[in-house]
There are 2 protein chains.
Amino acid sequence: MARVRKTVTIRDVAEETGVSLQTVSRVINGGPNVRPQVRDKVQAAIDRLGYVPSLAAQRMSGSRSYIILAINDRERTLADWRERQGTDWVDQMLLGGILTCSKHGYRMMVELVDTHSDHVERELGAALSALQPDGVILTPPHSENRLITDLLAARGIPFARIGSDAPGPGIRLTMGDAGAAHLATSRLAELGHRRIAMIAGPAQYSLSGWRIEGWRRALAEAGLSDEGLLEVGDFGYETGARAARALLTRNPDLTAIIASSDQMALAALEVARELGLDVPRDLSLISFDNTPIVRFTQPPLTAIDQPIAETVARAVEWLIERGGNGEADEVIEVAAALVERASTAPARA
Amino acid sequence: MARVRKTVTIRDVAEETGVSLQTVSRVINGGPNVRPQVRDKVQAAIDRLGYVPSLAAQRMSGSRSYIILAINDRERTLADWRERQGTDWVDQMLLGGILTCSKHGYRMMVELVDTHSDHVERELGAALSALQPDGVILTPPHSENRLITDLLAARGIPFARIGSDAPGPGIRLTMGDAGAAHLATSRLAELGHRRIAMIAGPAQYSLSGWRIEGWRRALAEAGLSDEGLLEVGDFGYETGARAARALLTRNPDLTAIIASSDQMALAALEVARELGLDVPRDLSLISFDNTPIVRFTQPPLTAIDQPIAETVARAVEWLIERGGNGEADEVIEVAAALVERASTAPARA
DNA sequence: ACCGAACTTGAGAGCGTTCTCAAGACTTGT
DNA sequence: ACAAGTCTTGAGAACGCTCTCAAGTTCGGT
């Protein structure tokens, strides 16, 4: 019915109630110093007219932009996407972000930025100038890129670094990578495995190192060696397959593999099949990520569930609630969990 | 190095080059009537200063907002997400949209809106008022919601309806659902299958009907009956399992199933396994969507590849390029393809 | 050369909000 | 009851850009 042709502005509300623009503005922003009676009257008019402040205008007048910008790696995102490998990381992140943003009246935008180019600064700078976000969320590997963090710090934009605990500006969020790898490895040792390999992610991701560290520590605690048991992939299927093949041919006594991504675990599963190994009878397999895919493989994979959505949600919350005030030398750790499925079993005798 | 503390504005560029704001604005927007010499000088200054126009200010001054808003169903998105069922639809859509938007200097935002609530109008209206997008992309089931399309039409915002060909305002994009179902069914008939069942999606989605129609037509052409071969699910795993069980117990002679989503196909695969049926020896299976999951099941599933990303890309392109000018009684059809994998085989003798 | 047309440039208003600052109304303490 | 606050309200500028419109400049045809 209320067929809105012309945009309803704060002025309409002011005229409707007979107060000044400023008073309406105060009501909108929950500002102090407004008589309850006036506040109610204005709020009623807002509801009646269906008034919603224009984001653009709010931004213009020097206040917040109500936008949180999430930066993802373009190259990897595109590759995942093109090959339909399951970009579920993006998905989880987006949803965790959108939900939390909307809870606070914010919006989330996703920007794909190329890590490897010299244009990083230009690309990111352009996005920041255009959007003027109130906060930025950096995912790996951008969260470890000094160029980027410096740029953000110089502009005074609060930001969160996910998957990084390198010192420097910005709040840091991690997902308990070392602990998770330790947990997975210990569990395998508990099941009687003595030769437990790791297919790690690329070295430029700190989390790769943390996982290796957790794995090594658990091995040491169980009195096991890590010799010849580490291979590195790039999180993708191809390198995962190569790594698995190398591990399995080099170590005939291998009975368990921990892969640093679902894709690499999938590859290991396939390689095992090719080599005539049964999972989990001959080989136990644990993956990182726990994207939807691993529930439907044969057998379903035991996996470390990375709480990406929750982590991003926490990052958003921090940015909105405390992003404004100064230094943030804080590390938030969101715990990952081990989801046991059918790809793990006691070691063969 | 150029450590930007204060935002660079159009005024800085104007002063730097000694021309008026208006002239700089013309250069930015590629407007006509600027001497090449002046244009170059201004452009050089823009590059030198690293100037990027503020989206908010551009929007304010009455021109475009450079924002395309994509509306998704909140309920379904959340359910998918919570259960980690793979929200790949969102993913594909987002990426297709983001890429195309950024190619044209636009941005894409995702808004989750609840279909079933009476608040649809309010929720969407608020988003529109706040963002003032230059175009809106509606996905099913919103693309068929009269309340929504009317609201958009009344506000004069160009919009694209994906997965709907119901007459009405807005451009419509479909993904060849009838044709795809026909193709899948014919292929199965070709392989010698005589009893080919369909697990369809819910009736409120037009595409469910189109797929049924394509299936029926192909059956008729092959001289086959559809009796007792149709079940309906909600695209999710649970209802898919229920439907598959019903079909398989009711029809002992059934040798092929087409499922209207990957999740439902996965469910059918599991039900077949439970019933001791081998896929594809005893039962052929074709799914719709072709999300990453189906490549890694055992066996990998033959699937109709829904070109979601491309469809959204086309929608975005249309909105940006021709969204402005008036009526859009146009239907764009993006073709789906059949990707054959190991879940289909000749009918058992 | 001359006139009208087309091209090029600039000045100023306006978009919808919030910020700063000042003025008026109401309290409180003595 | 009066000075000194504290609350409440409003006026006007400012944010960065594009629009409209008018003025100045160049060009083509005769």
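Throughout, a chain's letter reflects where its sequence line sits, starting with A, and its residues are numbered from 1.
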Length of the line joining A:Leu55:CG and C:dT18:C1', which is rounded to integer Å = 14 Å
Do A:Leu128 and A:Leu152 touch side chain to side chain, with heavy atoms closer than 4.5 Å?
-> yes
Spacing of A:Arg35 atom CZ relative to D:dT8 atom P, expressed in whole Å | 9 Å
Would one find a side-chain N or O of B:Gln58 under 4.0 angstrom from OP1 or OP2 of D:dT18?
-> yes
OP1 or OP2 of D:dT9 under 4.0 Å from side-chain N/O of A:Arg26 = no
Using a cut-off of strictly less than 4.0 Å, decide whether A:Tyr66 has a side-chain nitrogen or oxygen near OP1 or OP2 of C:dT18.
-> no
Provide, to the nearest angstrom, the distance between the CD atom belonging to B:Glu15 and the P atom belonging to C:dG10.
-> 13 Å
Euclidean distance, atom CG of residue B:Leu21 to atom P of C:dT9 [Å, nearest integer] | 15 Å
Give the rounded distance in Å between these two atoms: CZ of B:Arg64 and C1' of D:dC19.
-> 13 Å
Is A:Ser25 reaching over with its side chain to a backbone N or O of A:Leu21, donor-acceptor style, under 3.5 angstrom?
-> no
Gap between atoms CD1 and C1', on B:Ile28 and D:dT18 respectively (whole Å) = 10 Å
Quick one: label A:Arg59 by what it contacts on the DNA or RNA (base, sugar-phosphate, nothing), any heavy atom closer than 4.0 Å.
-> nothing
Please report, rounded to the nearest Å, how far the P atom of D:dG16 is from the CG atom of A:Leu131.
-> 16 Å
N/O donor-acceptor pair under 3.5 Å between A:His142 side chain and A:Val113 backbone = yes
Any donor-acceptor N/O pair, B:Asp134 side chain to B:Tyr66 backbone, under 3.5 Å = yes
A:Met60 CE to C:dC15 P, straight-line distance once rounded to whole Å = 13 Å
OP1 or OP2 of C:dT8 less than 4.0 angstrom from a side-chain nitrogen or oxygen of B:Asn33, does that happen here?
-> yes
Should A:Ser25 be listed as having a side-chain N or O under 4.0 Å from OP1 or OP2 of C:dT17?
-> no
Any side-chain heavy-atom pair of A:Thr139 and A:Asp73 under 4.5 Å | no
Take B:Ser20 and B:Ser61, find for each the nucleotide of DNA chain C with the closest heavy atom, and name the residue whose nucleotide sits nearer the 5' end.
-> B:Ser20
Distance test, side-chain N/O of A:Ser54 to OP1/OP2 of C:dG16, below 4.0 Å = no
Would you mind telling me which residue lines up with the more 5' stretch of DNA chain C, B:Gly18 or B:Ala57, judged by nearest nucleotide?
-> B:Gly18
